[in-house]
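For reference, the structure discussed in these notes is given below.
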There are 2 protein chains.
Amino acid sequence: MPNNFLEKARELVRHTGDRATHHRIRTLATLLAEQHALTHREIEERLNVKEQLDRVTLYRVLEWMSKKNLVHKIAGDDRVWRFRVNTELHSHQHAHFVCTRCTKVTCLADFKIKPLPSLPIGYLFHETELTVKGLCAECI
Amino acid sequence: MPNNFLEKARELVRHTGDRATHHRIRTLATLLAEQHALTHREIEERLNVKEQLDRVTLYRVLEWMSKKNLVHKIAGDDRVWRFRVNTELHSHQHAHFVCTRCTKVTCLADFKIKPLPSLPIGYLFHETELTVKGLCAECI
DNA sequence: GTAAATTTGCAACTAAGTTGCATTTGAGTA
DNA sequence: TACTCAAATGCAACTTAGTTGCAAATTTAC
């Protein structure tokens, strides 16, 4: 883990105004270093190489980061949440790619759908989420 | 449960070539009678009013229906699968509405996104799934 | 009506995520 | 630097959706 990820993570955590704890900083640094969305288990594996951290604590750290908009959660067909750092401000129309073989999740550029599929009468639109399924480069 | 749903269900199950069992027919009839996607638990509640059916059997019936393209499964943010009868042939660009208050899932008309968000080099597109989030008429 | 394969019911299991509570720690203050 | 206290952590126990293995029941073809 290069130092600059830890530095960047510390700064981001500090900036929330909440406590800048060891676990929060280490967890965020791990996510900053990743190109893809990670599951709780994958993060745990990466973090527990050098020091231990409790799985419940990690759940709570991730929950906290999500609430603070440092990361976003992606629901998968395997009933597992994946977490990805928020690089820029996400719009209300976000897109993900999911590899149907290795389940790896990659964030795509935001997009616009016009027109949206029309909603039943009385329904209120808030946001859209587009999931593109296929095979990633390593799985073809 | 009107008789015609049971008749329609029996015909659809027969048409697969596999065994037309009591549970398969009753389960499909229940889904045919619904406007919205249902969870395993919701289907169980509706089915167990008059006769009992084992929850594992229901999981297997739903799995079988999905494989036979009688229904499609929708993954939700609550880690629960929802099932909806396939009214017509679904395209490879399907859309759902999810109410963020009551979690009810409604199928929307299929749609086209052009252009698709561009994929990383070497990635292969297969299908898209659009989730529109907001509030349904009853929750506003 | 009988036989053979498929389906069902039951019990036990898996795995992600949650809750309650006692202990520890970050960070502001003396 | 030490002190304080709310916030964060670790641990054990729990919840819930979904899965697996196997013996018993059911469907359908003959």
Side-chain angles (χ1 to χ4, degrees), chain A residues 6 9-30 37-48 50-68 70-83 103 105, chain B residues 6 9-30 37-48 50-68 70-83 103 105:
Chain A
L6 276 171
R10 192 187 320 275
E11 187 197 315
L12 286 167
V13 172
R14 281 254 152 76
H15 192 255
T16 65
D18 284 7
R19 285 197 187 166
T21 67
H22 193 53
H23 294 327
R24 284 176 178 169
I25 294 164
R26 270 200 342 130
T27 304
L28 186 53
T30 300
L38 297 184
T39 63
H40 173 276
R41 179 177 283 258
E42 289 165 338
I43 299 167
E44 204 182 6
E45 281 165 9
R46 282 162 175 71
L47 285 174
N48 279 342
K50 296 217 164 173
E51 338 166 25
Q52 291 304 116
L53 133 142
D54 186 72
R55 38 178 241 105
V56 176
T57 301
L58 181 53
Y59 276 117
R60 291 197 267 229
V61 165
L62 292 169
E63 186 60 36
W64 173 85
M65 284 182 177
S66 177
K67 207 176 65 194
K68 293 292 172 181
L70 294 171
V71 302
H72 64 284
K73 297 161 73 169
I74 307 158
D77 284 0
D78 53 4
R79 319 194 324 121
V80 178
W81 288 105
R82 285 175 172 74
F83 299 85
T103 74
V105 175
Chain B
L6 276 170
R10 192 187 321 275
E11 187 196 315
L12 286 167
V13 172
R14 281 255 153 75
H15 191 256
T16 64
D18 284 7
R19 286 195 186 169
T21 67
H22 193 53
H23 294 327
R24 284 176 178 170
I25 293 164
R26 272 201 338 132
T27 304
L28 185 53
T30 300
L38 297 184
T39 63
H40 173 276
R41 179 177 284 257
E42 289 164 338
I43 299 168
E44 204 181 8
E45 280 166 8
R46 283 162 174 71
L47 286 174
N48 279 343
K50 297 213 163 174
E51 337 167 24
Q52 292 303 118
L53 133 144
D54 187 72
R55 38 179 241 106
V56 176
T57 302
L58 181 53
Y59 275 118
R60 291 196 267 229
V61 165
L62 292 169
E63 186 60 34
W64 173 85
M65 286 184 176
S66 177
K67 207 177 64 194
K68 293 293 172 179
L70 294 171
V71 302
H72 64 283
K73 297 160 75 169
I74 306 157
D77 284 358
D78 53 5
R79 319 195 325 123
V80 178
W81 288 104
R82 285 175 173 74
F83 298 86
T103 73
V105 175

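In this text the structure is predicted, and so the values were computed from the model without any measurement. By convention in this document, chain letters (A, B, ...) are assigned in the order of the sequence lines, proteins followed by strands, and residues within each chain are numbered from 1.
At a threshold of 4.0 angstrom between heavy atoms, the contacts of B:His23 are confined to the sugar-phosphate backbone, with no base atom among them. Heavy atoms of B:Arg55 sit under 4.0 angstrom from at least one base atom. Within the 4.0 angstrom heavy-atom criterion, only backbone atoms of the sugar-phosphate kind lie near B:Val80; the bases stay farther away.
With rounding to whole Å, B:Arg82 atom CZ is found 15 Å from D:dT16 atom P. The distance between atom CG of B:Leu58 and atom C1' of D:dT20, rounded to the nearest whole Å, is 17 Å. B:Glu51 places its CD atom 12 Å from the P atom of D:dT26, with the value rounded to the nearest Å. Here the P atom of nucleotide C:dA16 and the CG atom of A:Asp77 are 16 Å apart, to the nearest Å. Rounded to an integer number of Å, the gap from A:Lys73 NZ to C:dA16 P is 15 Å. Per the geometry, CG belonging to A:Asp54 stands 16 Å off P belonging to C:dT19, to the nearest Å. Computed from coordinates, the B:His22 NE2 to D:dT27 P distance equals 9 Å when rounded to whole Å. Atom pair A:Trp64:CH2 and C:dG26:C1' shows a separation of 13 Å (rounding to whole Å applied).
Shortest non-hydrogen contact noted between B:Asn48 and B:Leu53 is OD1-N, 2.9 Å. Closest of all the heavy-atom pairs between B:Leu70 and B:Trp64 is CD1-CZ3, 3.8 Å.
Proximity of the aromatic rings of A:Tyr59 and A:His40 is defined here by a centroid distance below 6.0 angstrom, and this criterion is met.
Set against C:dT18, D:dT19, C:dC21, the side chain of B:Val56 has D:dT19 as its closest nucleotide. For A:Ala20, counting side-chain heavy atoms from C-beta on, the closest listed nucleotide (C:dA27, C:dT7, C:dA16) is C:dA27. Counting only heavy atoms from C-beta on, A:Thr21 has its side chain closest to C:dG26 among D:dG10, C:dT7, C:dG26. Nearest nucleotide to the A:Arg19 side chain, out of D:dT9, C:dT8, C:dT25: C:dT25. With C:dG17, D:dG18, C:dC10 as the choices, the nucleotide that has an atom nearest any side-chain atom of B:His40 turns out to be D:dG18. Residue B:Arg60 places its side chain closer to C:dC10 than to any other of C:dC10, D:dT27, C:dG26. Of the candidate nucleotides C:dT19, C:dT8, C:dA16, C:dA16 has the atom lying nearest to any side-chain atom of A:Arg41. When each of D:dG18, C:dA16, C:dT7 is scored by its nearest atom to the side-chain atoms of B:Trp81, the top-ranked nucleotide is D:dG18.
DNA chain D is contacted by both B:Arg79 and A:Leu53; A:Leu53 maps to the nucleotide lying nearer its 5′ end (nearest heavy atom per residue).
When the options B:Thr21, B:Asp18, B:Ile25 are evaluated for a side chain to side chain contact (heavy atoms under 4.5 Å, CB included) with B:Val13, the one that passes is B:Ile25.
A salt bridge does not link B:Arg82 to B:Glu42: none of the charged side-chain nitrogens sits closer than 4.0 Å to a carboxylate oxygen.
Side-chain contact, A:Thr16 with A:Arg24: no donor N or O sits under 3.5 Å from an acceptor N or O.
Residue A:Arg10 places no side-chain atom within donor-acceptor reach of the base of C:dG26, judged by atom type and a 3.5 Å distance cut-off alone. Residue A:Arg14 places no side-chain atom within donor-acceptor reach of the base of C:dG26, judged by atom type and a 3.5 Å distance cut-off alone.
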